Structures are given as structure tokens and as C-alpha cells.
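Inspection log for the structure reproduced underneath, given as C-alpha cells.
So you know, we letter chains A, B, ... as the sequences are listed, proteins then strands, and number each from 1. What you see is a predicted model, and the numbers here were worked out from it, not measured in a lab.
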Amino acid sequence: MNIFADIRTTIIETLNAMVAEGALPGDLSWGNVAVEPPRDPAHGDMATNAAMVLAKPAGKPPRVIAEALAERLAADPAIASAEVAGPGFLNLRLDPRIWHDVVAEVIDAGRTYGHSGMGAGVRVNVEYVSANPTGPLHVGHTRGAVFGDALASLLAFAGYEVTREYYINDGGAQVDVLARSAFERYREANGLSPEIAEGLYPGDYLIPIGEALKEKYGRDLLDKPEAEWLTQVRDFATEAMMGLIREDLALLGVKMDHFFSEKSLYDTGLIEDAIKELDKKDLIYRGTLEPPKGKVPEDWEPREQTLFRSTAHGDDVDRPIKKSDGAWTYFAPDIAYHWDKVKRGFDELIDIFGADHGGYVKRMNAAVSALSDGRVPLDIKLTQLVKLYKNGEPFKMSKRAGTFVTLRDVVDQVGPDVTRFVMLTRKNDAPLDFDFDKSVEQSKDNPVFYVQYAHARIRSVMRKAEEMHLDWSDNASLEDEAEIAVAKKLAEWPRLVEIAARNHEPHRVAFYLYDLASEFHALWNKGNEKPELRFLHEGDPRATAAKIALPRAVAVVISNGLGILGVTPVEEMR
RNA sequence: GGCCUCGUAGCUCAGAGGAUAGAGCAACCGCCUCCUAAGCGGUAGGUCAUAGGUUCGACUCCUAUCGGGGCCGCCA
């Protein structure tokens with residue numbers, strides 16, 4: 001039940017009736033007709049802009065249309081009143097019964113309240129994290145992981161068929177570097193001193209890998225030339241790193257449906273296939289790029305390369321897909337990977353990139369557009385930097401000094417729930433300040449606890465109600481405006497889910513939960529002044545059952561919302 | 001130089017083209033013999049960076065400018 005959608009349907013039906021009667025011309029489109037909560041509650045329960053958007057195409061003044069619409073809508077039993085206001089808004093007041101229906105519906109639907117049909121039959125692939133398998137995940141990856149995971153859950157909640165996917169960059173030069181770094185640790189394990197040359201990965205996390213290599217190979221590899229051990233060590237180290245990464249993801253509660261190996265693309269010839277596919281569309285050619293404008297790299301010299309005509313699909317310049325030595329560029333397997341996604345039949349693709357990969361958005365969009373002939377939309381969401389603080393002071397990180405903060409560091413210190421919630425209380429494309437101390441602070445300064453606290457309060461009350469052995473009722477007693485306000489907020493949930501899903505913006509869920517918790521806390525405190533508004537009424541199971549329905553419904557929605565964010569709703573906070 | 005992104009209260013941030021732009025923090029004033037005060041109510045705080053444009057209507061869309069951040073052939 002989405003009362004905004006329901007009322008919109010009523011309005012559309014009424015408009016169609018007006019067309020049938022000749023009160024409106026027949027060639028109108030209802031696409032821009034919106035029904036939304038009014039900013040000012042004094043304006044009623046919901047408002048529609050129908051008269052204003054139809055005024056011009058219908059050739060009638062907005063207020064004339066609004067009056068006619070109002071008259072008809074007022075006849076609907078669900079609508080208590082319809083008033084024309086301002087430039088042509090139609091403010092609707094609903095039959096108060098509707099709020100009782102909402103509460104009953106929430107309790108009845110439980111975990112499914114807010115589920116939407118908007119994604120029915122739509123297969124969407126969400127690719128996120130996709131960190132190089134060369135070390136543990138760090139803070140930046142954490143944000144992408146949380147964001148992608150919440151977005152995937154949100155889309156699933158909205159009815160989409162979602163696949164969560166991780167692209168393993170195990171085919172490029174960086175895993176060779178990993179192998180060489182691991183080999184030094186292997187030498188170290190065998191009592192030799194490691195030579196961590198410039199460019200190798202210095203991190204301690206490779207020491208156990210060196211030990212494991214010694215365990216497996218003894219001293220056999222020590223005197224062999226690189227060519228003889230590189231592949232084995234690389235595969236071994238890559239697999240170990242992916243094991244590490246899976247553990248990190250598990251710490252955060254992130255589950256992937258599918259890990260896709262870049263290396264597998266080389267083995268299957270999919271890259272050649274993908275490029276052939278582009279070639280068929282006349283999008284591959286040999287050519288020389290213009291030097292970049294402005295600052296020209298010192299060693300720049302014109303070279304003939306194999307290029308993808310990405311400008312034909314909205315990119316700024318064509319992109320090389322082969323290096324001058326004939327090897328594929330990084331972009332080529334990416335094209336193949338996305339082609340594979342298209343071939344697997346996804347209707348929509350979503351990629352989560354770090355902001356530093358923003359320069360790749362246009363070329364990836366061009367590739368998917370070309371490979372799917374524009375049929376499959378690709379939405380690339382960029383997650384901005386996370387700035388770490390400790391008690392208000394910037395927390396310095398240095399890769400060189402080895403003091404970069406890992407996902408594990410963060411989760412160990414503040415826990416997965418806080419990590420997730422904090423990272424979702426900001427739009428993905430806005431930089432995020434993350435303060436280790438403030439994020440675990442148990443105060444209203446901290447939205448996580450504010451929302452959790454609302455849930456805990458409700459559960460506490462419900463436990464006490466259990467002891468009264470009452471007949472749980474779905475029929476809520478809603479008299480006070482504070483109660484109605486909470487019920488109205490609950491009614492907005494299905495609409496919020498659709499908006500958040502459509503925009504690929506899970507942070508809206510976090511902000512909604514904060515608002516809902518706020519309405520709830522206000523109602524709770526009103527019980528101090530007006531004891532009749534309390535949820536528990538000692539010796540009166542009937543009154544208790546009626547009053548407790550509303551908070552029960554709130555707990556359901558908070559639980560559902562936190563579920564999307566991947567945060568555990570707590571039973572108790574003491 | 002080009003592209004992307006951001007610019008909203010002192011601070012941190014919300015805001016599907018809709019009405020008088022909203023929260024939290026900080027400041028000030030109140031509320032616990034009462035279901036969890038980790039809470040609530042109130043006061044104060046604004047040229048939505050700037051200038052144009054699109055239209056019934058712009059914080060929102062377009063153009064230009066200013067400012068912060070990111071990226072910019074054969075690295076990933």
C-alpha cells in the first residue's frame with residue numbers, strides 16, 4: 001500500500017473521466033502529474049500539481065482545472081476535502097481512517113511493507129568494491145562496499161532482481177608486482193633478507209604469504225629465474241589476497257553473488273570477441289591521438305595505436321585499447337567484462353567507482369552504449385573520499401609509512417553497524433568526514449544511536465506489554481496530532497523506497513529513518529505531559545493494545561530500513 | 001588547457017521543477033516522583049557562490065564566471 005500512488009491513481013482516473021466528459025481535451029499526458037507530501041502540514045495530507053502542469057496544454061487557467069478536479073475528488077470517500085491553493089495546487093485532506101489502515105498494513109505486511117513492484121522483472125547488476133587483489137581493503141574501499149551493498153539491497157527491496165558482483169583485477173601488471181613482493185617475503189621466510197624495491201608492495205600482510213610459500217615450496221624457488229616462478233607465485237598470492245578481501249567484506253557483512261576474474265577473460269578469448277563486436281560496428285581503427293591540451297607530458301610522442309571510437313557514443317576523445325607493444329590496455333578487458341554483463345542479459349548495469357576513477361565514466365558508458373546498441377543503461381556512481389578524524393583532529397595516513405587505515409581497522413574500532421550507517425548518511429558523491437571517536441559516541445550527535453535508540457525504546461515497551469498478556473491488535477488508537485504525524489511518516493515509506501531506488505541513492509533511507517525516529521521520540525516525550533499518550537497502560541490491556549500498535553509499526557519500518565542499510569536493529573541500549 | 005564533481009545557517013549536511021528553503025551540532029531558555037533524558041519543546045541564525053537564460057513556477061534544468069576537490073596517451 002502506497003497511499004501516494006493510490007491517490008495519484010484516483011486523480012488520474014478522475015482526469016480521464018473529465019476528458020470523457022469533455023471538460024479536458026483528449027490529448028493530454030499525465031506524466032508530470034505528481035502527488036507528494038506538502039512541505040507545510042497545514043496544507044493538508046498531500047498535494048498535487050495536476051492543474052498547474054495541465055493548464056498550458058489544456059488551454060485553461062490552472063485554478064479552473066483545479067476547481068473542477070477538486071469538486072470531483074471531494075466525492076471520493078477516501079478524500080475528506082480538496083482545496084485549491086496558491087497558484088493552482090490542490091491540497092487534499094484524507095479521511096482519518098486512512099492512518100489506521102496504514103498502521104494495520106505495516107503490522108500486517110511486516111518485513112514486506114514498502115516492497116515495490118517497480119523493479120519487477122528487471123535484472124540489474126551492481127558491481128562494487130572491485131579492489132585490486134594486492135592487499136587488504138582500506139577505508140576508501142569501505143565506503144564503496146557499504147554504498148554498493150546498500151544500493152543492491154535497496155533495489156532488491158524495490159523488486160529488482162539484483163546480482164552483486166566483484167571484478168577481480170587479476171590480469172594486469174599489478175599482480176606481477178604482487179608476485180615479486182610476495183617472492184621477497186618468501187626469501188625472507190627462508191632466512192634471506194628481502195629487497196623491497198621501489199614500486200613493490202611493502203605491507204606486512206605479505207609476510208604470512210611468504211611463510212605459506214615456504215611451506216609449499218620449501219627452498220625450491222629460491223635460485224630459479226623469475227620466469228619460472230612468476231606464474232605460480234602470482235596465482236598463489238592473488239588467491240591469498242582474495243581470501244583476505246573476502247574476510248574483510250565478511251567483517252562488514254558484505255556478500256557478493258559473483259566474483260568475476262579479469263584473467264578469465266584472457267583465457268576465454270572474450271576480449272578479442274568484444275573488440276570484434278565493436279569492429280563490426282566500425283568503432284575500431286588505427287590512428288594517432290592528439291596530444292592532451294594544456295600540460296603536455298614531457299615524454300609525449302605521437303604513436304599509432306588501435307583505438308576505440310568512443311566519441312561516437314559521447315566520449316570526449318577516442319581511447320586506446322592496445323598498448324604500443326601490442327598488449328591490451330586496462331580498458332580492453334573492462335570492455336569485455338561489460339560486454340559479458342550485457343550478454344548475460346542484464347537490463348541495467350550499475351558500477352560503483354572511487355572518485356579518482358571519474359575519468360573513466362564516459363568511456364565505460366560509451367563502451368556499454370556501443371555494445372548494447374544503447375539498450376542497456378549503465379549508471380556509474382562515484383564515491384568520494386573519506387577523510388578520517390580522531391577526536392576532531394585529522395588522522396594522517398601514509399602509504400609509504402605503512403600507516404594507511406584498513407577496513408579492518410575501522411570495523412575493529414567502531415563495529416560494522418556504525419561504519420555502515422555513518423557512511424550512508426552522506427550522498428555518495430559528497431566527501432565524508434569519519435571521526436573514530438564521534439561515530440561511537442552515544443549521543444544525539446550521532447544519528448546511528450538516535451535511530452537505534454528509537455527501536456530499542458519500542459522493543460523495551462513491547463517486552464513489557466508481553467507481560468500483560470494482551471490481545472495484540474492492529475487497530476491503532478490515533479487521536480493526538482503527534483500520533484497522526486508518526487502514522488503519516490510511516491505512510492511515506494513506500495514512496496521513499498521508490499524514490500531512493502529510482503535515483504540509486506540509499507542515503508535517502510538513512511535520512512528517512514532519522515526523521516521517523518525523530519517523530520517517534522517526539523511522541524514518546526509527549527507521553528510525559530499527556531499520560532494518555534503512553535503506550536503502556538497498567539491494568540488496561542485493551543488501551544495498551546490500541547496504543548502500542550503505532551510503535552510496533554514504527555519498529556517494523558525502522559527494522560526494514562536498517563535492513564536495507566545492512567545495520568542490525570538493536571533490542572536494547574543500556 | 002579539457003572533462004567530471006561539489007559550492008545551501010557559524011560548523012556538518014538534507015532538499016523527484018512546486019507554496020514562506022529544512023535538520024543536527026554549536027549558542028541561549030525550558031522539560032526527568034512519569035513507558036529508557038542516549039530523549040523532547042522553544043528562541044536565534046539565509047543574497048541557496050555570482051550573472052544571465054529556459055517557464056505558470058528554479059536550490060533543482062541550460063550557459064558563462066568565480067572558488068574547493070578529482071582525473072587527463074602506451075599505470076591499474
Any donor-acceptor pair, under 3.5 Å, between the side chain of [X] and the base of [N], if you only look at N and O atoms?
X	N	result
A:Arg303	B:C74	yes
A:Arg457	B:C35	no
A:Arg39	B:A21	no
A:Asn91	B:A19	yes

Sugar-phosphate only, base, or nothing, as touched by [X] at under 4.0 Å among non-hydrogen atoms:
X	answer
A:Phe511	sugar-phosphate
A:Val53	base
A:Arg508	sugar-phosphate
A:His357	base

(message) On a heavy-atom basis, which atom in A:Asp45 and which in A:Phe4 lie closest, and how many Å separate them?
(response)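 In this case the closest contact between A:Asp45 and A:Phe4 is O-CE2, 4.5 Å.
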(message) For A:Lys489, is there an ion pair with A:Glu492 - N to carboxylate O distance below 4.0 angstrom?
(response) yes
(message) As a test of reading the structure: which of B:G18, B:C35, B:G15 is closest to the side chain of A:Glu505, going by heavy atoms?
(response)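 Nearest to the side chain of A:Glu505 among the choices is B:G15.
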(request) Report the nucleotide, chosen from B:U12, B:G73, B:U36, that has the shortest atom-to-atom distance to any side-chain atom of A:Lys464. (result)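 When the side chain of A:Lys464 is considered, B:U36 is the closest of B:U12, B:G73, B:U36.
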(message) Suppose we define a pair by two distances each less than 3.5 Å, Watson-Crick or G-U wobble; what does B:C31 pair with here?
(response)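 B:G39 is the nucleotide pairing with B:C31.
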Within this structure, what is the [atom1]-to-[atom2] distance between [X] and [N], rounded to whole angstrom?
X	N	atom1	atom2	result
A:Arg363	B:C75	CZ	P	13 Å
A:Phe89	B:A19	CZ	P	6 Å
A:Phe520	B:U36	CZ	C1'	10 Å

(message) For A:Lys547 and A:Ser477, which I'm curious about, is there any donor-acceptor pair between the side chains at under 3.5 Å?
(response) yes
(message) Both A:Asn503 and A:Glu304 contact RNA chain B. Which one's nearest nucleotide lies toward the 5' end?
(response) A:Asn503
